2 protein chains.
Amino acid sequence: MPIKPHVTAAQVCGFLESRIKSGEWGAEAKLPSERAISDQLQTSRVTVREALKRLEANGQIYRSNRRGWFVAPPRIDYDPSRSAHFTQYALEQGYSPYTECLMQRLIQADDDLAGKMAVAEGTQLLELHRCRGINGRLVYLEEIFLRADLWPDLIEQPPDQSLSTMLRNHYGQLFKQVDVDISIASLSAAQAEILQAPAGCSCFYISRRTLNQEGLVIEYDREYWRHDALNIKVTHQFAE
Amino acid sequence: MPIKPHVTAAQVCGFLESRIKSGEWGAEAKLPSERAISDQLQTSRVTVREALKRLEANGQIYRSNRRGWFVAPPRIDYDPSRSAHFTQYALEQGYSPYTECLMQRLIQADDDLAGKMAVAEGTQLLELHRCRGINGRLVYLEEIFLRADLWPDLIEQPPDQSLSTMLRNHYGQLFKQVDVDISIASLSAAQAEILQAPAGCSCFYISRRTLNQEGLVIEYDREYWRHDALNIKVTHQFAE
DNA sequence: GAGTGGTCTAGACCACTTC
DNA sequence: AAGTGGTCTAGACCACTCC
């Protein structure tokens, strides 16, 4: 006798996608609960979760820890090779940017940092941690390292001000070159908690080294982005 | 009476990671079967799979469809803003590159392609599909679009030759600018099958528009990379 | 043919959010 | 207090790979 075939995760994906694409569930809309979806589609919660994770993987939806699943808003365009600040990008694209400084302190460069910043091990560095969001949603964490000898009184400055503007205007530094690295990583437990993301959540990892006219590394920066929040755009002009 | 606490996915992650980091399981090594791991650690297969997926998310391991889980080899460094060909990159970094042409045909530009290539809708384009691997492992799929009017006899050329070299040497084209877009996407069912990846597998999506001296889009390219195979490096020089 | 990963079922408990 | 997502158990069948 014929057995009712299982509802597959792919079918659940289709069901959810059609509602997202039709606009029935707009940006930032909360999806129904996992149990509600599995009841409606006559399937198990495991299958629903599998479908949700696939839509999460390509950035159509995201989750906020234990609060539920939400439709992902449009991604922000971002060119990490430019020194323009995040706030400017976000405003240009019609978003409301938000920055919070989580921590700032003086540290001694360890082996790894010394290599990245081309300084001797033990050199004094200023370390800043910030988180940033758009439209009320946290989208990335940032770890910034600056040579303390180049910015002697920076630690006194208000941390919310744009760093790149400050470096240029206040210290008269000119940027000569930026080296950018982009790869996939996963959030540490502490990072995931700040971004309200699940444990082990995959993220974009972007690191940037900014060099000045003399070839000194004036800024070293590590960013951890929600992967659904970001569209990286880089334009490269070839020399004549 | 005390109940034995559950083995958590995080503990399984730790168990697996320590064996990878210690070198007990080297690059490309096959992990034990999911059932063997769950038996050894006295846990369920679901928990083991959860752990494996977390290590997959940050690129430490990867799976080849239905064949098993493997330790991910070192990532290849890649600068999409340069026109150097993949083969050269791979050889410089000590890998054995591999390219296969999957398809080539003439098409009419649809609305989307016409916009991307700045040509009229219906313009004749040459479409090439290739897959590429290093050390015997497929790492990305590529869809290339070229204006048929600029390369009248290209369809007759051997497809394995480096395209960028050919464009420069044979046609004397000079590259002026490259616009690169990078984001996260997921593989279609057809793409996943070619890369031997699971359904809905997340990937790096890289699209590139290459412009010549006259500002014409001479190449438009879409790449779908296994996310664990890639480390993107871009260097940007600021104008004086 | 044996074993594997891919998928699905039908529960369960906990920590946390929301009301 | 009710409901949610996060996690875990203990099975099952299938399609596929490998031998």
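Computed from a predicted model, the values in this text were never measured in an experiment. Quick note on labels: first sequence line is chain A, next is B, and so on, each numbered from 1.
At least one donor-acceptor pair closer than 3.5 Å links the side chain of Arg209(B) to the backbone N or O of Lys116(B). In this structure, Gln191(A) contributes its side chain and Ser188(A) its backbone to a donor-acceptor pair below 3.5 Å. Side chain of Tyr89(B) to main chain of Asp79(B): a donor-acceptor pair is present (N/O by atom type, distance under 3.5 Å, no hydrogens or angles).
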Given Arg222(B) and Ser207(B), is the side-chain hydrogen bond (donor to acceptor under 3.5 Å, both in side chains) satisfied, shown in steps? CA-CA 4 Å; Arg222(B) 296 170 177 159; Ser207(B) 75; over 6 Å; no
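A cation-pi arrangement is absent between Arg137(B) and Phe70(B) under the rule of less than 6.0 angstrom and at most 45 degrees off the ring axis. Note that Arg19(B) lies in the cation-pi zone of Phe15(B), set by a 6.0 Å cut-off to the ring centre and a 45° limit from the axis.
Between the C1' atom of dT18(C) and the CG atom of Asn65(A) lies a distance of 15 Å, rounded to the nearest Å. Note: CZ (Arg35(A)) to P (dT18(C)) measures 16 Å, nearest angstrom. Regarding His6(B), its NE2 atom lies at a distance of 15 Å from the C1' atom of dA15(C), rounded to whole Å.
For the contact set between residues 43-61 of chain B and DNA chain C, defined by any heavy atom under 4.0 Å, the members are Arg45(B), Arg49(B).
The six-membered or imidazole ring of Tyr205(B) lies near that of Tyr224(B), with a centre-to-centre distance under 6.0 Å.
Salt bridge status for Glu223(B) with Arg208(B): present, with a side-chain N to carboxylate O gap under 4.0 Å.
Where Thr8(A) and Lys30(B) each meet DNA chain C at their nearest nucleotide, the meeting point lying more 5' is that of Lys30(B).
Base contact: Arg66(A) has a heavy atom under 4.0 Å from a base atom. Nucleic acid contact class of Arg63(A) (heavy atoms, under 4.0 Å, all strands): sugar-phosphate only.
First and last contacts of DNA chain D with chain B, using any nucleotide atom under 4.0 Å from a protein heavy atom and ordered 5' to 3', fall at dT7(D) to dC18(D).
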